[in-house]
Amino acid sequence: MQIYNTMTRKKEEFIPLEAGKLKLYACGPTVYNYFHIGNARAFIFFDVVRRYFEHLGYDVTYVQNITDIDDKIIAQSIEEKIEFHTIADKYSNAFLEDCARLGVKKPHHQPRATEVMPAIIAYIDELVKQGYAYESGGDVYFSAESLPEYGSLSGKKIEDQMAGARVEENTLKRHSADFTLWKKSKPGEPIWQSPWGEGRPGWHTECVVMSQQYLGETFDIHGGGIDLVFPHHENELAQALALRHKPLANYWMHNGFLNVEGVKMSKSLNNFFTARDILDQFSAEAIRFFFLSKHYRSPIDFNREIIEESEKAVSNFYSSIKQLLLSQSKSYSDLKAALAIDPELDKIKLEFDRSMQDDFNTAKAVASLFDLNRIVRSDAQDPAFRLKAAALLVNLGEVLGFFGKLEETLKDKTPDLSRQLIELIISLRAKVREEKNWALSDSIRDQLAALGVEIKDGKEGCTWSIKG
RNA sequence: GGCGACAUAGCCAAGUGGUAAGGCAGAGGUCUGCAAAAUCUCCAUCCCCGGUUCAAAUCCGGGUGUCGCCUCCA
């Protein structure tokens, strides 16, 4: 398994800390708003990472934080004139709902910052005691200069940051590269008691505390969007290095951005679409396909036409499987049971694995799905072989998070009476066809189509399906 | 100013030294009363210039263009 490690800027062979186990942490949202479709890319991608390791037989522990105290939440609570924790609850619930709609498997743990406040305070206190952080005017800052390794993840040097003219002047800081661990609260803001007075945590400590609490002082993979490399992950790492003298994670993975017309989608640029809006327009699997058809580290342009194409691709898979099962009078469980070893199909499976193990080349892995799809659709192939191919298609598709709705879709929800009526009409039409009354025959087909019943005349007779 | 990424057909997109995966769209053939499906075939020399090499989309140098990080952000 090759994984591109942001720390070393190259692909490395993945070696787990403990054989057969994966400890994975990926940054979740700060819950001050509905998340946008760009955020969804990260959630979907790390869902695929998790699924793939599970597919390989790993015992995976996946932890994702929910940051529910932060400046932006406070700002939003003022804007909506509601208490901050009500805002946090509202948007964390929305986050959970939207992820479920996106077909993202629930992480094993989703801790919230406010639940681990004593641990956060203790962590900061320890940093102060060991001389890596200092109190200043009721705030606490991490001293970047105190840690020689500071900047190793993002490749930034403290001196270079000085050159950036946009670093905000903060006279409480000893050095402009220092970052806030604890903020003294202003009147009306939520407060926690601390050794430095009333205040609230800065942005980064909660992730260190929560990840280490569930995964240990060092874990396998830490992930998130590319923008988190600096400052968020750099600052998490700094705290862990300072206190534990060990890397926080062995592999750092970052997904690229979603752009809109070439420019990144972000809440601050206000050029975003919420995932919930997009989910109302496209299926979750089409959205997933859209993301997975490009390598995760590359930027991807939000494009409705391409998502529509993705919609076609996904429904093509579904209809291939559906048609095959229909023609063989097989059920969903027959399909699942048909997964078997087959030399020819194993080649495709091997290719799929090869793609995935090359730093999650999902775009290439998807091509393997199409290889299988071609077999499933092909009349020229042996029926048993086609069924096996379909079983593998579903099996590998599920690794990428597809086919979650397959079982449901296959259930024939047509009421008995409707079914009998449709079949009656078709049998009457068959008589008309025997008489070669094509005009009437076609008219019946058109009228049924108008009602959403699609019929196809094959050599073996006529098949029908309900559209939509 | 510092650091980094990307540039492949009409569109999306793999490919990191051996002569361009896959998808969508398109063209043509077979099949079919027609439609659909199926099936077969066709459709790029990889931003520009120079270099290394028997051999480069793939390595090196120089351009051009687009984007990102350095400030909240997946």
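Chain letters run A, B, ... following the sequence lines, proteins first and then strands; every chain starts at 1.
Under the salt bridge (charged side-chain N to carboxylate O under 4.0 Å, His left out) criterion, the residue pairs touching residues 391-401 of chain A are A/Lys336-A/Glu398, with sequence neighbours excluded. Within the structure, ring pair (Phe, Tyr, Trp, His ring centres under 6.0 Å) contacts touching residues 426-448 of chain A (residues at least two apart or in different chains) do not occur.
Taking both residues in full, the closest heavy atoms of A/Met253 and A/Phe46 are given as O-CZ, 3.5 Å, listed atom of the first, atom of the second, then distance. Residues A/His204 and A/Gln239 share a closest heavy-atom pair of CB-NE2, 3.5 Å.
Partners of A/Asn33 according to the side chain to side chain contact (heavy atoms under 4.5 Å, CB included) rule, which considers only residues two or more places apart in sequence or in another chain, are A/Tyr91, A/Lys267. Judged as a side-chain hydrogen bond (donor to acceptor under 3.5 Å, both in side chains), and not counting sequence neighbours, the contacts of A/Asp371 are A/Arg374. With sequence neighbours excluded, the residues that form a side chain to side chain contact (heavy atoms under 4.5 Å, CB included) with A/Leu410 are A/Lys322, A/Leu325, A/Tyr332, A/Leu406. Considering only residues two or more places apart in sequence or on other chains, A/Phe385 meets the ring-ring contact (aromatic ring centres under 6.0 Å, His included) condition with none of them.
When rounded to the nearest whole Å, the span between CD1 of A/Ile69 and P of B/C72 equals 16 Å. Atom CZ in A/Arg200 sits about 13 Å away from atom P in B/C72, given to the nearest Å. The interatomic distance linking A/Asn437 (CG) with B/C34 (C1') rounds to 13 Å, in whole Å. Atom NE2 of A/His295 and atom P of B/A14 are 8 Å apart (whole Å). Put simply, OH on A/Tyr296 is 21 Å from P on B/G68, counting in whole angstrom units. Per the geometry, CZ belonging to A/Phe179 stands 15 Å off C1' belonging to B/C70, to the nearest Å. A/Arg41 places its CZ atom 14 Å from the P atom of B/G68, with the value rounded to the nearest Å. Counting to the nearest Å, the P atom of B/C72 and the CD atom of A/Glu79 are 20 Å from each other.
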Acceptor/donor pairs from residues 343-353 of chain A side chains to any protein atom, 3.5 angstrom cut, sequence neighbours excluded:
unit_1, atom_1, unit_2, atom_2, d
A/Glu351, OE1, A/Arg354, NH1, 3.2
A/Asp353, OD1, A/Tyr52, OH, 2.6

Show me the donor-acceptor pairs, under 3.5 Å and distance only, between side chains in residues 282-293 of chain A and residues at least two apart or in other chains.
unit_1, atom_1, unit_2, atom_2, d
A/Ser283, OG, A/Ala286, N, 3.1
A/Ser283, OG, A/Glu311, OE2, 2.5
A/Glu285, OE1, A/Tyr318, OH, 3.3
A/Glu285, OE1, A/Phe403, N, 3.0
A/Glu285, OE2, A/Tyr318, OH, 2.6
A/Arg288, NH1, A/Asp47, OD2, 3.1
A/Arg288, NH1, A/Leu400, O, 2.8
A/Arg288, NH2, A/Asp47, OD2, 2.9
A/Arg288, NH2, A/Leu102, O, 3.4
A/Arg288, NH2, A/Gly103, O, 3.0
A/Ser293, OG, A/Phe289, O, 3.3
A/Ser293, OG, A/Phe290, O, 2.9

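A salt bridge links A/Lys90 with A/Glu80: the closest approach of a Lys/Arg side-chain nitrogen to an acidic carboxylate oxygen falls below 4.0 angstrom. Ion pair A/Asp382/A/Lys388 not flagged as a salt bridge, since none of the NZ, NE, NH1 or NH2 atoms sits closer than 4.0 Å to an Asp/Glu carboxylate oxygen.
A 4.5 Å side-chain heavy-atom check between A/Lys23 and A/Ser211 finds every atom pair outside the cut-off. Side-chain contact between A/Ile44 and A/Val104 is present, with at least one heavy-atom pair separated by less than 4.5 Å. Between A/Glu206 and A/Pro201 the shortest side-chain heavy-atom distance does not fall below 4.5 Å. Looking only at side-chain heavy atoms (C-beta outward), A/Ile321 and A/Thr409 stay at 4.5 Å or farther from each other.
Considering only side-chain atoms of A/Arg9, the nucleotide from B/G4, B/C70, B/C72 that sits closest is B/G4. Here the side chain of A/Arg445 is nearest to one of B/C72, B/G2, B/C34, namely B/C34. Of all nucleotides listed (B/C24, B/C12, B/A35), B/C12 comes nearest to the side chain of A/Ile306. Listed nucleotides: B/G23, B/A13, B/C67. Nearest to the side chain of A/Lys294: B/A13. Residue A/Asn316 has its side chain nearest to B/C24 when only B/G22, B/C24, B/A37 are considered.
Within residues 91-112 of chain A, no residue has a heavy atom under 4.0 Å from RNA chain B. Of the residues in residues 271-292 of chain A, none has a non-hydrogen atom less than 4.0 angstrom from any atom of RNA chain B. Remark: A/Asn361, A/Ala363, A/Lys364 in residues 351-364 of chain A come within less than 4.0 Å of RNA chain B through at least one heavy atom.
Between A/Lys264 and B/C69, a side-chain N or O to OP1/OP2 separation shorter than 4.0 Å is present. Of the side-chain N and O atoms in A/Lys11, none sit less than 4.0 angstrom from OP1 or OP2 of B/U16.
Because its NZ or CZ atom is both nearer than 6.0 Å to the ring centre of A/Phe230 and within 45° of the ring axis, A/Lys156 counts as a cation-pi partner of that residue.
Rounded to the nearest Å, the gap between the C1' atom of B/G22 and that of B/A44 is 15 Å. B/C72 and B/A57 are spaced 44 Å apart, taking the P atom of each and rounding to whole Å. Across B/A55 and B/C12, the matching P atoms stand 34 Å from one another, rounded to whole Å. Taking atom C1' in both B/A56 and B/C46, one finds a spacing of 11 Å when rounded to whole Å. Comparing B/A14 with B/A9, their C1' atoms sit 14 Å apart, to the nearest whole Å.
The pairing partner recorded for B/U53 is none, the criterion being a Watson-Crick or G-U wobble arrangement whose two distances lie under 3.5 angstrom. Partner assigned to B/U58 is none, using Watson-Crick or G-U wobble distances below 3.5 angstrom. The partner of B/A9 is absent, by the rule that a Watson-Crick or G-U pair needs both atom distances under 3.5 Å. Pairing for B/C31 is absent, with no Watson-Crick or G-U wobble pair whose two atom distances lie under 3.5 Å. Base pairing of B/C43 is not made with any nucleotide, judged by Watson-Crick or G-U wobble geometry with both donor-acceptor distances under 3.5 Å. Base-pair partner of B/G68: B/C3 (Watson-Crick or G-U wobble, both distances under 3.5 Å). Pair assignment for B/G17 gives none, since no Watson-Crick or G-U wobble pairing has each distance under 3.5 Å.
For the pair A/Ala40 and A/Glu309, nearest-nucleotide mapping onto RNA chain B gives the more 5' position to A/Glu309. Residue-to-nucleotide proximity on RNA chain B shows that, of A/Asp301 and A/Val263, the 5′-proximal contact is made by A/Asp301.
Using a 4.0 Å heavy-atom distance criterion, A/Gly223 is classed as making no nucleic acid contact.
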Annotated protein contacts, base or backbone, on nucleotides 39-46 of chain B with a non-hydrogen cut-off under 4.0 Å, one of B, S, - each:
S-------
